[in-house]
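All values below come from the heavy atoms of this structure, side chains included, with hydrogens, waters and symmetry mates left out. Just so we're clear, the structure is a prediction, and the values are computed from it rather than from any experiment.
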Amino acid sequence: MLPVQDFRAKLLVQRRELFRRAAQTEDDLLWLETDVEREAGERGQAETMIRLLDRLDERAKREIEAIDRALMKIDAGSYGRCEGCGKDIPMARLQALPMAMTCLACGEAGEVVKQ
């Protein structure tokens with residue numbers, strides 16, 4: 001049986017790190033905005049997430065989407081099953097790439113079922 005809670009924790013750490021990097025980039029760019037007035041009031045959490053997502057590059061966005069998809073598969077009880085052939089994804093692959101949706105053979109063959 002897969003230690004799904006361990007994978008969930010690892011995925012959440014990776015997701016948080018991607019958003020942290022986006023926030024850091026934003027902080028680094030603030031000094032450029034010397035003549036820009038500070039926004040009044042607090043932004044809502046949804047607006048903040050949208051702003052951070054806009055700051056991420058395409059690779060990071062795809063990685064967050066893959067992490068979110070893996071988290072949904074954990075919730076659905078289908079995590080660790082290849083979307084190409086339906087067989088279990090080897091533990092070593094999941095440990096190296098927790099958001100993997102296919103076994104190595106299907107991933108190399110491009111046999112991913114789009115959902």
Side-chain angles (χ1 to χ4, degrees):
M1 183 170 172
L2 288 175
V4 291
Q5 294 310 315
D6 293 344
F7 286 112
R8 175 187 295 281
K10 190 172 184 179
L11 288 162
L12 289 172
V13 165
Q14 286 178 316
R15 188 175 191 275
R16 197 170 23 255
E17 177 60 20
L18 287 166
F19 279 114
R20 188 198 62 74
R21 276 191 258 156
Q24 180 63 45
T25 299
E26 182 176 311
D27 289 343
D28 289 345
L29 294 176
L30 283 177
W31 68 271
L32 292 173
E33 302 173 0
T34 56
D35 294 328
V36 177
E37 231 178 88
R38 294 264 183 211
E39 291 180 349
E42 271 185 40
R43 292 184 182 196
Q45 185 176 11
E47 185 178 337
T48 301
M49 292 301 282
I50 290 169
R51 186 170 41 85
L52 289 176
L53 280 170
D54 285 343
R55 295 259 186 212
L56 292 169
D57 61 22
E58 286 305 312
R59 188 184 132 276
K61 287 178 185 178
R62 284 192 308 273
E63 191 172 343
I64 287 173
E65 289 170 359
I67 289 169
D68 288 344
R69 189 170 177 191
L71 290 168
M72 286 189 300
K73 289 181 77 100
I74 288 172
D75 291 341
S78 60
Y79 179 75
R81 205 165 302 121
C82 178
E83 291 182 352
C85 65
K87 295 179 183 174
D88 288 343
I89 299 172
M91 182 68 71
R93 178 162 170 79
L94 290 174
Q95 288 172 336
L97 189 65
M99 70 282 282
M101 295 291 125
T102 61
C103 65
L104 189 56
C106 288
E108 289 176 348
E111 298 176 10
V112 178
V113 177
K114 297 293 179 185
Q115 295 178 351

Side-chain donor/acceptor of Arg93 to backbone N/O of Thr102, under 3.5 Å: yes
side-chain contact (heavy atoms from CB on, under 4.5 Å) between Lys61 and Leu18, intermediate numbers included: CA-CA 9 Å; Lys61 287 178 185 178; Leu18 287 166; over 6 Å; no
Any donor-acceptor N/O pair, Lys10 side chain to Gln95 backbone, under 3.5 Å: yes
Non-hydrogen side-chain atoms of Ile64 and Gln14 separated by less than 4.5 Å: no
Considering all heavy atoms, the nearest Cys103-Cys82 contact: N-SG, 3.3 Å
Carboxylate-amine/guanidinium contact Glu17 Arg20, below 4.0 Å: yes
Contacts of type salt bridge (charged side-chain N to carboxylate O under 4.0 Å, His left out), residue Asp6, not counting sequence neighbours: none
Separation of Phe7 CZ from Ile74 CD1 (nearest 0.5 Å): 8.5 Å
Test: Glu65 and Arg69 ion pair at under 4.0 Å: no
Shortest non-hydrogen contact between Tyr79 and Val4, atoms and distance: CD2-CG1, 4.1 Å
Considering all heavy atoms, the nearest Ala66-Met101 contact: O-CE, 4.3 Å
Salt bridge (charged side-chain N to carboxylate O under 4.0 Å, His left out) involving Arg16 - partner list, sequence neighbours excluded: none
Closest heavy-atom pair and its distance - Ile67, Met99: CG1-CE, 3.6 Å
Minimum-distance pair of heavy atoms, taken over all atoms of Ala100 and Leu94: O-CD2, 4.1 Å
Residue of the set Arg15, Lys73, Glu63 for which side chain to side chain contact (heavy atoms under 4.5 Å, CB included) holds with Asp68: Arg15
Arg8 to Leu71 - nearest heavy-atom pair and separation: CG-CD2, 3.9 Å
